[in-house]
Amino acid sequence: MNDILLPVIFVILALAVIGSVVTLLVRGRRTPPGLYSSPRDPDDQITGGAHGSTSTDVLERPDGTTTDVLVPDDLSGLEGAPAGPSLDTVDPVQGRLARLRARLVRSNNALGKGLLALLSRDRIDEDVWDEVEETLLMADLGTEPTMELVDALRERVKVAGSRSPAEVKDMLREELVKLVDPSMDRSLATQRHADRPAIVMVVGVNGVGKTTTVGKLARVLVADDKDVILGAADTFRAAAAEQLATWGARVGVPTVKSDVDGADPASVAFEAVKAGIDQEVDVVLIDTAGRLQNKVGLMDELGKVKRVIEKQGTVDEVLLVLDATTGQNGLAQARVFAEVVNITGIVLTKLDGTAKGGIVVAIQRSLGVPVKLVGLGEGADDLAPFDAEAFVDALLN
């Protein structure tokens, strides 16, 4: 009997020990309360707070009780986020014109005020006319236009026999308007052709604000509802391409540029025009390197850029950017550029109403090319079409 019971007792004890070990192992590996690695059953209840808050999942345990598990909302803050970078709002043409005129009127211009003071004296003798002539020459009006204006004013004052300030101002205004010449065509050739975009080249020496002018002109065209592509053919000045691309990005205009320093500018210009044709845009604006007028090789290369562009279409506009404060130096630059490319229009920057305002007349007389755009400051929208009569009125007010 004892021989039978003893093995049975050992078996029972062994089973008990094994059962205890299994129980300890199961308890040690149990998932912490409320956290389950298996998929949630379809009938699990889910409740949540408002978007952006922490949501609460209610999970059922095997014993029938429930526990709350906090789950952070990973989508918090995405609702209402902008889809992309916001673009600048460009002022309409009339708004820019009004602001530029106001700034010119408020500026300390010596040309108009100086002439009015001289011609309104009680006695106008040869000394006064000499001062008038000197004032005009210092305003960079140029020798020939100065003599024309003085002779015309002499005759009118003599015939009128009266020198009231109002009459003198009217005479001076009429003669200055004639010199600035409102009959010149100052429109920009930016109308798309039937099979290709209008092509505009912008040239000028370093330091006159050429790349900035291209960016501002892009804004002007965008404000007129035109599709534009920029070509960064200034491959010699460090960061010129990035500067232009930044201007374009601000108004949603793409820029064609090379990632290679010192790339062939003609090649970049060619690709920009090609992209403009393929994408059927309205205008392609080409920024060129600031060629030094005494560097014959660089000036020749500028001519090459124009020739390469015209393998795909005629360049419709070549704008020369000049700093109005450089006076006669700017005039010399203009003559050299005119020998290399066919200048069709002038952009005068920093035309702040100082004595250098006479450069408008001198450049137009020298090149037979109109001033088409003017800028008075560094602001993004400080570029507007040039208006001859408005310019003269601002000088005399």
Item to check | K178 and E148 ion-paired at < 4.0 Å | outcome: no
Item to check | Basic-acidic side-chain contact under 4.0 Å: R154, E126 | outcome: yes
I'd like to check the side chain to side chain contact (heavy atoms under 4.5 Å, CB included) partners of [X]; sequence neighbours left out, ordered by chain and number.
X: Q312; value: F270, V273, K274, I277
X: D227; value: V281, D282
X: A272; value: V256, V284, I286

For [X], all residues meeting side chain to side chain donor-acceptor pair (under 3.5 Å), sequence neighbours excluded:
X: E271; result: none
X: T235; result: none
X: E389; result: R173

Checklist entry - Would K372 and E317 count as a salt bridge (charged side-chain N to carboxylate O under 4.0 Å, His left out) if you check the C-alpha gap in whole Å, the side-chain angles of each, and the deciding distance to 0.1 Å? => result CA-CA 11 Å; K372 293 190 174 184; E317 192 88 64; 2.7 Å; yes
Residue pair [X] / [Y], side-chain heavy-atom distance below 4.5 Å:
X: F386; Y: I346; answer: no
X: K210; Y: D234; answer: yes
X: V341; Y: I343; answer: yes
X: L179; Y: R365; answer: yes
X: T211; Y: L244; answer: yes
X: L217; Y: L188; answer: yes
X: R192; Y: K226; answer: no

Item to check | Full working for side chain to side chain contact (heavy atoms under 4.5 Å, CB included) between F337 and V205 | outcome: CA-CA 9 Å; F337 276 96; V205 301; 3.7 Å; yes
For a quick test of reading the model, state the closest non-hydrogen atom pair linking [X] to [Y] and the distance between them.
X: T190; Y: V283; result: O-CG2, 3.4 Å
X: A198; Y: Q191; result: CB-O, 3.5 Å
X: V305; Y: A269; result: CG1-CB, 3.9 Å
X: L322; Y: A334; result: CD1-CB, 4.0 Å
X: P370; Y: D185; result: CG-O, 3.2 Å
X: R335; Y: S366; result: NE-OG, 3.1 Å

Item to check | From CA spacing to verdict: side chain to side chain contact (heavy atoms under 4.5 Å, CB included), L230, V228 | outcome: CA-CA 7 Å; L230 304 180; V228 182; 4.1 Å; yes
Next on the checklist: What verdict does the side chain to side chain contact (heavy atoms under 4.5 Å, CB included) test give for M147 and L136, after you've listed the backbone C-alpha separation in whole Å, the side-chain angles of each residue and the deciding distance to 0.1 Å?
Outcome noted: CA-CA 9 Å; M147 299 311 299; L136 293 171; over 6 Å; no
Next on the checklist: Can you confirm whether E310 is buried at CD, in the sense that more than 12 heavy atoms of other residues, nucleotides or ligands lie under 6.0 Å from that atom?
Outcome noted: yes
ILVMFWY network linking [X] to [Y], side-chain heavy atoms under 4.5 angstrom:
X: L137; Y: V180; answer: no
X: V360; Y: M184; answer: no
X: W247; Y: L319; answer: no
X: L331; Y: V371; answer: yes
X: I363; Y: V177; answer: yes

Ignoring hydrogens and geometry, is there a side-chain-to-backbone donor-acceptor pair from [X] to [Y] under 3.5 Å?
X: T349; Y: V208; result: yes
X: R196; Y: T314; result: yes
X: D125; Y: D127; result: yes
X: T288; Y: V202; result: yes

Checklist entry - Hey, are T146 and E133 close enough side-chain-wise for a donor-acceptor pair under 3.5 Å? => result no
Checklist entry - Please walk me through it: do D287 and K257 pass salt bridge (charged side-chain N to carboxylate O under 4.0 Å, His left out)? => result CA-CA 10 Å; D287 181 27; K257 58 188 180 71; over 6 Å; no
Using 0.5 Å steps for rounding, measure from the [atom1] atom of [X] to the [atom2] atom of [Y].
X: N342; Y: M201; atom1: CG; atom2: CE; answer: 11.0 Å
X: D151; Y: R156; atom1: CG; atom2: CZ; answer: 14.0 Å
X: D393; Y: L176; atom1: CG; atom2: CG; answer: 10.0 Å

Next on the checklist: The test is side chain to side chain contact (heavy atoms under 4.5 Å, CB included); show your working for L373 and K216 and say whether it passes.
Outcome noted: CA-CA 11 Å; L373 295 167; K216 292 180 179 180; over 6 Å; no
